[in-house]
Amino acid sequence: MDCSGSGISSPHRPKWRKVAYGGMQPGFADNHTDESFLEQMVMNASVVKRDMLKVMLDSVSISEYLCIVALVVLVWTYTLTSTLDENSLLLLDVSLLVSGFLILLFTQEMLSLTLLLRYFLNISFFITGLYVLAPIYHTLTRSISSDSIWAVTSSLLLLHLFLHDYSESTVKAPGAMKNPSLTSCISVNASVVASVFIASRLPSRLHVFALVLFSLQVFLFAPLVTYCIKKYSFLLHLCFSISLMIMTLGFVYMLHHLLFVLLLSLLVFVNVVCPYWLIRIQEYKFEIHGPWDEAKLCFDITDSD
Amino acid sequence: MGDQRRHRVLMVSDFFYPNFGGVENHIYYLAQCLLKLGHKVVVLTHAYGNRSGVRYVTGGLKVYYVPWRPFFMQNTFPTIYGTLPIVRTILIRERITIVHGHQAFSTLCHEALMHARTMGYKVVFTDHSLYGFADAGSIHMNKVLQFTLADVSQAICVSHTSKENTVLRSGLPPEKVFVIPNAVDTAMFKPADERPSREEIVIVVISRLVYRKGADLLVEVIPEVCRLNPNVRFIIGGDGPKRVRLEEMREKHSLQDRVEMLGAVPHAQVRSVLIRGHIFLNSSLTEAFCIAILEAASCGLLTVSTRVGGVPEVLPDDMIVLAEPDPSDMVEAIQKAITMLPKIDLQVMHNRMTELYNWHDVAKRTEIVYDCALKCSSQSLLQRLSRYLSCGAWAGKLFCLVMIVGFLLWQLLELWQPADDIEGVPDVALSENYVEDELQKTQ
């Protein structure tokens, strides 16, 4: 008996076949390992070679959104310290709304009167609802200390940033087919709750209304606007992002120097270090495929399960 | 047969009768044939319903149904050390020499093999399934397998593809892995006495109706085949979550009179369904071996199957038509099979199967593996630990810890209940003829 798997060598032995039938193959032990062993294994068949520049340019979307959130936090801080009064906040709301709307119209290229009317109707409903609810928001968290509010808000914002869908927009343009994923919905909800919490620290109802409107506008529609810009022209997206970054860095520098350094290093980390890191660890990517893989169906399974 | 050549084998798996499937079948037939070769075989599995304790089944095969309840897909809850006392007692009582575990996702098998290694027994493992390398489930499963197989004496796979897969997953040296396929009880799967008429061609499908068995492929293939051949009927045996989709397809294409759905078919009735057909269709997306094809071929059916896993190794090319798992290719293969039908002689097919597959042959080949396992040198705990350590940066250390704790627990048990105090079980000597008769009866 032979446990080493080499088999008995004879000049006329039949060729080994990769078959399971017919009992033990004459001249070969069951643990015979043929030269064709693992012949059909394919390594790294579906690995995409990534380009450093491409990854860096793609990561701009992330830092763009980071800057947007930083700007929102800046506005919150200025409002809480009463640097921004309610009138200028309302002015900011209106200008953001109009500019966002214009960008959408230009990039989507679907100017129709009915759609415009529908948008207008929806937005007015939304604003009225918010105005009616503002007194409730104003007194919502009165019994909670400001420290807790800040702590909860910052953790919610971190959650929002962590789960945010950076590749697409959660709020879709009309007619979009795909439903948003669960994580991006959680992300949007976290941001809404955070804005309501912060707004409840403000002195007047008008303040609350203006700030919640501002935050919701940004959190719900900024991803859509940036997504539309990116789809329209990548160059425009790049210019927009970079100017946004410079603006944010400038404002943060005026607020606090340490925060400026933190934000700057975060942006460098996201745009330079992470892409480099990704390219480096790409070397360790190791995929194997072979006849043992479960076959993939080449058609869509149309039902829901 | 000399007593020194007589193995005393403990087969361990979560899967055994009354549950039914490829693994259960394999263990049962292998055990019966090993008993016939004069070895002692004991089966260890978990309790099924109120079937708990020690039972004797056909041929004096002793089965321990240990009172652990299954919690997920017939698996016992993984406790790592929970089964050590009972496994140890059984090993000592039955004076076992070799522990043979079956199936990679049986927790009881993994635990028993681990304890057996701790106690210095030689262990053999049979892998019955294929796994990928990409999804999270497979990655964890493969790590557990690597742990169990790091110290296994010999391993058995059911096909060459399965061997490649197991070697890659566990990092075992390929010469330690034997390929011993399943077999089929050809006496049980005989063709029909009178051949079914050729006016109408019946295609039989018997499988669980789940994604992995390619039920979605059937949904695409059946209407097209029915459209191309007005004389083709389908019989679908099996149940599962995808049954609704098949029924929807039947309604949508108004094929109620041409697609018969039987629901779950008990194994005892599989033959009676098979002999009604001419062609057996297997649409699995992954398969290590596929016993269903053997059963169909043994009944004289021509098989059409997807070319996945170990299926291409199972039958000679003139007994099977292979197709890519793609609807149009499968329809083409079925068309080809229909043209091949007039040349198929059921009895010739059946006789060929009797030559190709035989459980006694499987048992003899397994016996060789046991001999090899017994020849492996015994290793001290330290030598074995170094092997576990090489399993991975973190996993290796974790595995070592698990083994050390297991070793300590075993020593504790030795103090508490010394092995000498455990009474051995007298072997029930059934006459050779008795086993023969019983085996004949089951066939």
Side-chain angles (χ1 to χ4, degrees), chain A residues 1-9 14-48 182-183 281-282 284-305, chain B residues 130-134 154 156 158-165 167-168 174-182 211-212 214 216-217 219-220 241-242 244-245 248 284-286 288-289 306-310 312-316 324-327 355-358 361 364-365 368-369 371-372 375-376:
Chain A
M1 190 186 323
D2 182 48
C3 296
S4 60
S6 56
I8 313 124
S9 59
K15 220 173 160 315
W16 181 86
R17 289 175 307 152
K18 192 180 174 179
V19 293
Y21 52 82
M24 200 190 271
Q25 295 187 32
F28 296 97
D30 277 328
N31 59 348
H32 171 77
T33 307
D34 199 63
E35 285 156 9
S36 65
F37 188 67
L38 291 182
E39 208 172 44
Q40 290 181 59
M41 183 171 83
V42 183
M43 277 191 282
N44 289 350
S46 58
V47 176
V48 197
L182 177 71
T183 48
I281 57 174
Q282 201 71 19
Y284 301 106
K285 186 131 180 144
F286 181 58
E287 275 181 1
I288 36 184
H289 293 284
W292 50 81
D293 280 330
E294 190 175 300
K296 292 238 163 44
L297 293 178
C298 52
F299 53 89
D300 272 341
I301 303 171
T302 38
D303 71 347
S304 54
D305 60 14
Chain B
L130 296 176
Y131 266 90
F133 297 91
Q154 306 289 342
I156 302 176
V158 289
S159 63
H160 296 285
T161 306
S162 170
K163 173 174 172 176
E164 294 179 347
N165 186 239
V167 167
L168 283 175
E175 61 274 8
K176 265 192 164 186
V177 186
F178 290 71
V179 176
I180 301 179
N182 286 306
Y211 173 80
R212 281 164 70 92
D216 300 293
L217 273 175
V219 172
E220 305 286 318
K242 295 281 183 185
V244 182
R245 280 209 73 197
E248 269 172 18
S284 278
L285 300 182
T286 175
F289 186 79
T306 44
R307 190 182 285 115
V308 292
E313 302 167 27
V314 169
L315 285 178
E324 296 305 321
D326 161 78
E355 286 162 29
L356 291 178
Y357 285 103
N358 187 338
D361 174 57
K364 285 198 191 91
R365 291 160 77 178
I368 296 173
V369 180
D371 292 336
C372 284
K375 275 190 201 156
C376 287

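Reminder, nothing fancy here: chain letters follow the sequence lines and each chain counts from 1.
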Worksheet item: If you look at every heavy atom in A/D293 and B/G132, which pair is closest and at what distance?
Response: OD1-CA, 4.0 Å
Worksheet item: Under the 3.5 angstrom rule, does the side chain of A/N31 hit a backbone N or O of B/K176 as a donor-acceptor pair?
Response: no
Fill in: Proximity breakdown for B/V244 and chain A, heavy-atom pairs closer than 4.5 Å
neither
Discussion item. Between A/D34 and B/H160, is the side chain to side chain contact (heavy atoms under 4.5 Å, CB included) condition met? List the steps.
Written reply: CA-CA 10 Å; A/D34 199 63; B/H160 296 285; over 6 Å; no
Worksheet entry | Least distance between heavy atoms, B/P316 atom then A/Y21 atom | N-CE2, 3.3 Å
Item to complete: Would you mind checking which part of B/V314 comes under 4.5 Å of any heavy atom in chain A, side chain (CB onward), backbone (N, CA, C, O), both or neither?
Response: backbone
Worksheet item: Between B/P312 and chain A, which part of the residue has a heavy atom less than 4.5 Å away: side chain, backbone, both or neither?
Response: neither
Worksheet item: Of the backbone (N, CA, C, O) and the side chain (C-beta and beyond), which part of B/K364 lies under 4.5 Å from a heavy atom of chain A, both, or neither?
Response: neither
Practice prompt. Flag the pair B/Y131 / A/W292 as yes when at least one side-chain heavy-atom distance between them is below 4.5 Å, and no otherwise.
Written response: no
Fill in: B/E220 side chain reached by A/L297 side chain, heavy atoms, under 4.5 Å
no
Worksheet item: B/D361 and A/G23: which non-hydrogen atoms are nearest, and at how many Å?
Response: OD2-CA, 3.3 Å
Worksheet entry | N/O donor-acceptor pair under 3.5 Å between A/E294 side chain and B/L285 backbone | no
Practice prompt. With a 4.5 angstrom heavy-atom cut-off, could you sort out which part of B/L217 is near chain A: side chain, backbone, both or neither?
Written response: both
Worksheet, complete the sentence: Pair count under 4.5 Å, heavy atoms only, with chain A: among B/V308, B/V158, B/V177, highest is B/V177
Worksheet item: Any side-chain heavy atom of A/Q40 within less than 4.5 Å of one from B/T161?
Response: no
Fill in: Minimum heavy-atom distance between A/A20 and B/Y357, given as atom pair plus value
C-OH, 3.8 Å
Item to complete: Let me know if A/E287 has heavy atoms under 4.5 Å from chain B in its side chain, its backbone, both or neither.
Response: neither
Fill in: Pairs of heavy atoms under 4.5 Å with chain A: top-ranked of B/L168, B/I180, B/V167, B/I156
B/L168
Practice prompt. Taking the side chain as every heavy atom from C-beta outward, state whether A/D30 and B/V369 have any atom pair closer than 4.5 Å.
Written response: no
Worksheet item: By a 4.5 Å heavy-atom criterion (distance strictly below it), what part of B/N165 contacts chain A: side chain, backbone, both, or neither?
Response: both
Discussion item. Let me confirm one number: the OG1-CD distance from A/T33 to B/E175, rounded to the nearest 0.5 Å.
Written reply: 6.0 Å
